[in-house]
Amino acid sequence: MKVDIGYPEADKPQSINVVIDDYDTWNADHTLANIILPVLERLKTSKQGAPHVDDEDVPAEMRSIVSPAKNPEDGDTDGTWFLRWDYVLDEMIWTMREIANHRPTENTFYKTLYDFVESADVNTNLKEVLANMQIDEKGYKAYHERLQRGCVLFGKYFQCLWT
């Protein structure tokens, strides 16, 4: 993939040139995560504000009822307004980093026969490997739920990536 997006100028259209190669679509999630991750990281360090984030998308201690706005009619934000946006950005960043790096944490939830013996000593078949596989199913499921949640948050707040 090759992307060249020129600097926006008020008096002419922005120059945009995107070339997608076939291999870019083999794992499009990985390809896109490599682009999205640095954008989200830069957004987090250069943001000028924060959009509304639904209470359901953050832990209980960050919800708006914890620290209500003093004068909501005047546009005041509550005490956790900016913390909620940082939390959502952090979850999206974590997700994109995992995907961009081929989900390295995923390997921590299971062990196979090959993890217990030297590969040179293993003269086995797939049935044996599967029979000796150990999986932390709860951790594995929680990991994939967090990945999916980060993707859902990215979609939900996609139009808020302006601050």
- request: Determine whether more than 12 heavy atoms belonging to other residues, nucleotides or ligands lie under 6.0 Å from atom CD of Q14.
  value: yes
query: NE2/H102 to CG/D29 distance, rounded to the nearest 0.5 angstrom?
result: 9.5 Å
message: Pair Q148, V152 - check side-chain contact (heavy atoms from CB on, under 4.5 Å), show working.
response: CA-CA 6 Å; Q148 184 60 33; V152 168; 3.7 Å; yes
message: Between K141 and E145, does any NZ, NE, NH1 or NH2 come within less than 4.0 Å of an OD or OE carboxylate oxygen?
response: yes
- request: Drop me the distance from M92's CE to L37's CG, to the nearest 0.5 angstrom.
  value: 11.5 Å
- line: Residues K156 and E56: closest non-hydrogen pair is NZ-OE2, 3.1 Å
- prompt: Are L147 and Y110 in one and the same hydrophobic cluster, where Ile, Leu, Val, Met, Phe, Trp and Tyr link if side-chain heavy atoms are under 4.5 Å apart?
  reply: yes
field: Check against side-chain contact (heavy atoms from CB on, under 4.5 Å), K2 and V18
entry: CA-CA 6 Å; K2 293 161 193 64; V18 178; over 6 Å; no
query: Per the side-chain contact (heavy atoms from CB on, under 4.5 Å) rule, which among L40, V39, I36 passes with L161?
result: L40
message: Can you tell me how the ring of H144 sits relative to the ring of Y140, calling it parallel under 30°, perpendicular over 60° and tilted otherwise?
response: tilted
- prompt: Which heavy-atom pair separates A33 from A100 by the least distance, and what is that distance?
  reply: CB-N, 3.7 Å
query: What is the distance from atom CZ of R63 to atom CG of D57, rounded to the nearest 0.5 Å?
result: 9.0 Å
field: More than 12 heavy atoms from other groups under 6.0 Å of CD on E61
entry: yes
task: For residues V88 and Y157, report the shortest heavy-atom separation together with the two atoms involved.
output: CG1-CD1, 3.8 Å
Atom CG of D11 with >12 non-hydrogen neighbours under 6.0 angstrom: yes
message: If we count only N and O atoms by modelled type, under 3.5 Å, do the side chains of R42 and S46 hold a donor and an acceptor together?
response: no
statement: Of all heavy-atom pairs linking V19 and D24, the shortest is O-OD2, 4.3 Å
- line: Rounding to 0.5 Å, atoms CD1 (I93) and CZ (F154) come to a distance of 11.0 Å
query: Applying the 4.5 Å side-chain criterion to the ILVMFWY set and letting contacts propagate, would M1 and I99 be lumped into a single cluster?
result: no
message: With no hydrogens and no angle check, just 3.5 Å: does a side-chain donor-acceptor pair link S64 and D55?
response: yes
- prompt: How long is the gap from CD1 on I16 to CD1 on I5, to the nearest 0.5 Å?
  reply: 5.5 Å
query: So which pairs with a foot in residues 86-100 pass side-chain hydrogen bond (donor to acceptor under 3.5 Å, both in side chains), sequence neighbours left out?
result: E41-R97, K44-D90, K47-D86, E91-R146, E98-T105, E98-Y143
- request: Calculate, to the nearest 0.5 Å, the distance between atoms CG and OG1 belonging to D21 and T31 respectively.
  value: 10.0 Å
field: Sidechain-backbone polar pair: D136 side chain, F109 backbone, donor-acceptor under 3.5 Å
entry: no
- request: Determine, using the 4.5 Å side-chain heavy-atom cutoff (strictly less than), whether W81 and L83 are members of one ILVMFWY cluster.
  value: no
Pair W85-H52, ring pair (Phe, Tyr, Trp, His ring centres under 6.0 Å): steps then yes or no: CA-CA 8 Å; W85 183 231; H52 170 78; over 10 Å; no
- prompt: Would Y23 end up clustered with I20 when hydrophobic side chains under 4.5 Å apart are linked, directly or stepwise?
  reply: no
task: For D78 and T80, indicate whether the former's side chain and the latter's backbone hold a donor-acceptor pair under 3.5 Å.
output: yes
